[in-house]
Amino acid sequence: MPDIENDPKQYDHQRIETKWQQRWDNTPGLYAADAESSKPKYYVLEMLPYPSGSLHIGHVRNYAIGDALARYKWMQGFNVLHPMGWDAFGLPAENAAIKNKRHPYEWTHANIAEMKRQHRRMAFSYDWDREVTTCEPEYYRWNQWFFLKMLERGLAYRKKALVNWCPECATVLANEQVIDGCCWRHETTRVEQKALEQWFWKTTAYADELLRDIDEKLDGKWPDRVLSMQRNWIGRSEGTEVDFTIDGSGEKVRVFTTRVDTIYGATCVILAPEHPLAQKLMDDAGRAKAKEMVDARKLQGPGEVGKEGYFTGAYAINPYSQEKVPVWIGNFVLMDYGTGAIMAVPAHDERDFEFATTYNIPIRQVIRHPDGGLELHPAKPFTEYGIVEDSGQFTGMTSAEARKVMSAFADGAGFGNAKVTFRIKDWGISRQRYWGTPIPVIHCEKCGVVPVPENQLPVVLPVDVEITGVGQSPLASAASFVNVKCPNCGSDARRETDTMDTFVDSSWYFYRYCDAKNSTAPYDSKKIAYWFPIDQYIGGVEHAILHLIYSRFFTKVMRDLGLIQNDEPAERLFTQGMVIRDGAKMSKSKGNVVSADDMITRFGADTGRLFGLFAAPPEKDMDWTDAGAEGSYRFLGRVFRFVARNAERLTTQESTSGAATGDKKALRKLHQTIQKVTDDFNQRWHFNTSIAGMMELVNILYEEEANLSGAALGQILPAITLLLSPFAPYTAEEMWELQGRTGPVFRQSWPVADEQLAKEDAAEVVLQVNGKLRGTIRVPFGADRETLEKAAMADPRVRASIEGKQIVKIVVVPDKLVNIVVR
RNA sequence: GCCCGGGUGGCGAAACCGGCAGACGCAACGGACUUAAAAUCCGUUUCUCCGCAAGGGGAGUGCGGGUUCAAGUCCCGCCCCGGGCACCA
């Protein structure tokens with residue numbers, strides 16, 4: 001019975017991994033990036049985690065992708081920056097504090113320590129000297145600094161806005177804490193909308209550029225689905241704003257439309273119920289009705305609700321046709337999109353059609369199908385482009401033409417203009433929560449809102465605060481924090497008690513990695529110029545909109561502040577799939593989580609990393625199964641034992657018996673595998689096929705083991721060790737040492753394939769009759785048409801299937817195939 | 001409704017430019033080693049038909065059409081699944 005515990009030729013993952021873990025822990029700066037280097041730079045980044053407590057397999061797969069890439073790039077001779085940090089502010093820390101009576105700071109740091117230990121145990125190659133923790137004043141003071149810069153530039157402003165409010169908790173909730181319209185802690189309590197003074201950042205100021213650069217800078221480099229989600233979210237529409245005049249009073253009501261070509265078909269104007277003009281035009285009964293609509297909308301869950309309207313009693317004049325149309329309010333008209341008012345063209349818009357049918361408003365057709373008559377389906381509107389009809393001087397134009405001409409006409413006549421409208425809203429960053437960055441302003445009765453002077457930053461989050469989760473922000477009860485003197489006039493003033501959304505923290509952390517210890521600036525611009533843009537950013541697709549739009553916004557703001565030169569944060573983005581187990585995403589509530597620690601004990605870190613990459617291509621969701629992980633474990637054992645026993649054979653100069661008859665086959669496969677793995681790294685990252693390729697190689701090595709020369713082994717052993725090292729660093733390092741070599745293995749050069757050795761020595765040509773496979777032959781590469789035809793005709797199976805038939809045509813693809821077409 | 005993905009054996013998947021469908025792995029079955037088991041090593045495994053066998057035939061990549069000597073791959077029309085946006089004028 002082999003003594004696995006003490007036999008170095010057996011694959012004992014515990015022994016190997018603890019041995020190298022210890023050595024690596026005692027090597028400071030093992031994965032440090034060079035500040036300056038003659039090598040080309042490569043910045044590879046995985047999205048920083050929230051320190052929730054411990055790593056599971058989902059994290060492992062995620063980081064294994066970036067780690068394999070970082071190691072590969074090192075071996076390719078790049079100066080690699082591969083940092084890691086902690087998105088450490090946020091609600092779970094506060095909730096844990098309430099539940100466990102532990103301070104968020106303490107809870108967060110305990111989690112960070114634990115997760116960092118696991119990261120090291122997984123052998124993720126981070127430069128820990130650049131670690132960033134967002135809840136430290138050294139970091140968040142720069143959030144405050146950026147806030148002040150935005151305030152100076154008019155990009156930060158304050159306004160009253162609707163927020164989610166739970167009456168039970170008596171506090172504001174983040175959108176993420178509203179589940180199906182109810183509070184997450186009081187599942188039967190509906191969340192209300194409450195108007196509060198909030199701070200906003202003007203993301204809309206960059207809407208145009210954010211959208212344009214999707215096409216100009218990111219297309220083809222970021223995943224399509226992410227770009228398409230961002231396009232949807234930003235939501236640009238080109239249209240026209242037109243003033244209708246209220247009959248009698250002469251007041252104007254401005255509407256926004258993307259279909260000004262249909263305006264002669266407008267049969268009413270509809271205002272949002274909260275529209276100021278609607279309030280003015282209506283009597284008390286009307287205002288009550290409007291309030292009812294607004295209230296109903298607050299309670300309304302997702303999904304469509306029937307159209308409701310109310311006639312204001314007023315009429316408006318269409319400036320194109322001079323026609324007088326009634327003015328309504330409608331529950332489906334949104335105050336915060338466009339102008340909060342629309343013209344209704346029931347004949348050419350689904351919603352207007354539904355509204356008109358409900359309230360007996362006339363339906364007038366003004367667009368004709370380009371190749372049809374003027375017939376309108378009785379039950380639905382015609383919403384496509386066509387030819388304009390019955391529209392005065394614009395009659396006969398195409399819709400596209402009319403949209404341009406009629407916009408210009410409005411402009412000339414002074415009652416409207418072309419207008420681009422975006423769906424994206426400004427970013428509301430205020431949170432009535434404790435565990436976040438204090439917003440650096442002071443409210444003074446005399447001076448109003450006064451920014452905290454730059455030299456007084458950071459505004460430090462006080463530690464001795466009672467967190468109850470109920471009532472106002474915990475900061476409001478910290479007297480020493482709240483009560484300050486106005487920096488302007490010196491009189492008594494109150495400090496702002498809201499904190500910033502945690503998405504602020506993660507919007508620029510990747511810049512801080514370049515200069516993590518800078519105490520006088522967020523970073524040194526020269527260092528950013530060296531490292532940016534991020535060459536490869538890796539993270540979950542769930543961040544496609546929020547984090548990745550905010551980060552792009554922040555980058556553009558920093559650029560306009562003159563701090564950086566890049567327009568976009570990341571050159572390439574990769575979104576990995578989720579880890580699924582028993583048909584569901586891994587989560588604590590489903591009880592299907594596999595912890596990194598369990599996996600490390602059972603199979604080792606290398607197996608976890610390898611299986612995470614082998615089970616599916618990295619952009620797809622993968623199924624975790626213990627049996628599948630065992631397969632990856634078996635593979636690592638197979639490579640390891642092969643290397644271990646043959647390394648010995650090499651070092652003892654023992655000659656092989658089989659006259660090296662296996663060399664050619666094994667070396668050919670070796671060099672094909674080098675090509676394959678290198679290609680996968682350079683192109684698609686389909687590491688599942690890289691690993692499959694290595695498995696095929698190992699299968700051949702087992703077959704030919706007795707027939708390999710020492711010379712061949714001398715090539716094979718180091719090469720396969722290097723190929724494996726980005727995926728299974730522990731196993732590779734041990735194999736490297738067994739060959740008498742000195743590491744670390746990830747600082748060696750990546751192997752280069754020898755094309756001559758990789759080449760097959762004959763072409764395998766497929767023989768078909770009428771497209772059906774009838775056999776294969778091996779012929780020298782480059783054999784000509786005649787030779788191939790002859791060879792095909794000589795094949796007995798081919799002969800049998802063309803027997804007695806007439807040959808119509810012979811298709812020959814050199815080195816590939818002969819297809820004989822018969823009748 | 002609109003916009004992105006995707007649909008291939010019992011399962012995860014591969015086939016990258018239109019050229020042998022199912023590499024690699026899991027599971028299952030069989031064999032070797034073992035007192036026995038585990039571990040390890042070696043085989044078989046898309047379905048189906050003919051044959052004692054060696055072997056051979058047919059079908060097959062969600063469905064229906066098309067282009068082509070040749071289609072998982074390209075085109076047209078559907079169905080289903082996942083994700084995003086959604087009364088956005």
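Order of the sequence lines fixes the chain letters, A, B, ..., with proteins taken first and strands second; residue numbering starts at 1 for each chain.
- The listed nucleotides are B/G12, B/A89, B/G25; the one nearest the side chain of A/Asp623 is B/G12.
- When each of B/G25, B/G58, B/A89 is scored by its nearest atom to the side-chain atoms of A/Arg774, the top-ranked nucleotide is B/G58.
- Base orientation of B/C52: anti, the glycosidic angle falling outside 90° of 0.
- Residue A/Val345 is out of contact with every strand shown, counting any heavy-atom pair closer than 4.0 Å.
- Distances shown here put a side-chain N or O of A/Tyr337 below 4.0 Å from the OP1 or OP2 atom of B/A89.
- Counting non-hydrogen atoms under 4.0 angstrom, A/Thr625 reaches nothing in the nucleic acid.
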Candidate pair A/Arg797 and A/Asp795, rule salt bridge (Lys or Arg N to Asp or Glu O under 4.0 Å), full reasoning: CA-CA 6 Å; A/Arg797 277 176 69 199; A/Asp795 185 87; 5.7 Å; no
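- Put simply, the side chain of A/Arg668 reaches to within 4.5 Å of the side chain of A/Glu760, judged on heavy atoms.
- Taking the six-membered ring where tryptophan is involved, the planes of A/Phe355 and A/Phe332 are tilted, since the angle between them lies from 30° to 60°.
- Within the 4.0 angstrom heavy-atom criterion, only backbone atoms of the sugar-phosphate kind lie near A/Arg225; the bases stay farther away.
- A close approach under 4.0 Å does occur between a side-chain nitrogen or oxygen of A/Arg634 and OP1 or OP2 of B/C26.
- In this model, the phosphate group of B/G83 is not approached by any side-chain N or O of A/Asn232 to a distance below 4.0 Å at OP1 or OP2.
- The pair A/Glu789-A/Arg785 meets the salt-bridge criterion, with a side-chain N (NZ, NE, NH1 or NH2) lying under 4.0 Å from an Asp/Glu carboxylate O.
- Among the heavy atoms of the strands, none lies under 4.0 Å from A/Asn770.
- With contacts defined as side-chain heavy-atom distances shorter than 4.5 Å, the pair A/Ile580/A/Met578 qualifies.
- Distance alone, capped at 3.5 Å, places no donor-acceptor pair between the A/Arg774 side chain and the A/Ser801 backbone.
- Checking B/C41, B/C4, B/C87 against every side-chain atom of A/Arg638, the shortest atom distance belongs to B/C41.
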Per-nucleotide protein contact string for nucleotides 14-21 of chain B (B base, S sugar-phosphate only, - none; heavy atom under 4.0 Å): SSB--BB-
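- Positionally, the nearest nucleotide of RNA chain B for A/Arg797 lies more toward the 5' end than for the other of A/Arg797 and A/Lys809.
- Syn is the conformation of B/G9, whose glycosidic angle sits no further than 90° from 0.
- Nearest heavy atom pair, residue A/Trp624 against residue A/Arg581, reads O-CG, 3.6 Å.
- Between B/G51 and B/G62, the distance separating the two C1' atoms is 35 Å to the nearest Å.
- When each of A/Met622 and A/Gly631 is assigned the nucleotide of RNA chain B with its nearest heavy atom, A/Met622 is the one assigned upstream, toward the 5' end.
- Residue contacts for A/Gly338: at a heavy-atom cut-off of 4.0 Å it reaches no nucleic acid atom on any strand shown.
- Between A/Tyr633 and A/Tyr11, the angle of the ring planes lies from 30° to 60°, which puts this pair in the tilted group.
- Comparing the P positions of B/C4 and B/G56 gives a spacing of 48 Å, expressed to the nearest Å.
- Taking atom P in both B/C26 and B/C76, one finds a spacing of 41 Å when rounded to whole Å.
- Residue contacts for A/Phe614: at a heavy-atom cut-off of 4.0 Å it reaches a base atom on one of the strands shown.
- Nucleotides B/G12 and B/G84 have their C1' atoms positioned 26 Å apart, rounded to a whole Å.
- Atom P of nucleotide B/A89 and atom CZ of A/Arg236 are separated by 12 Å, given to the nearest angstrom.
- The A/Thr258 side chain lies nearest to B/A89 when the options are B/C85, B/G12, B/A89.
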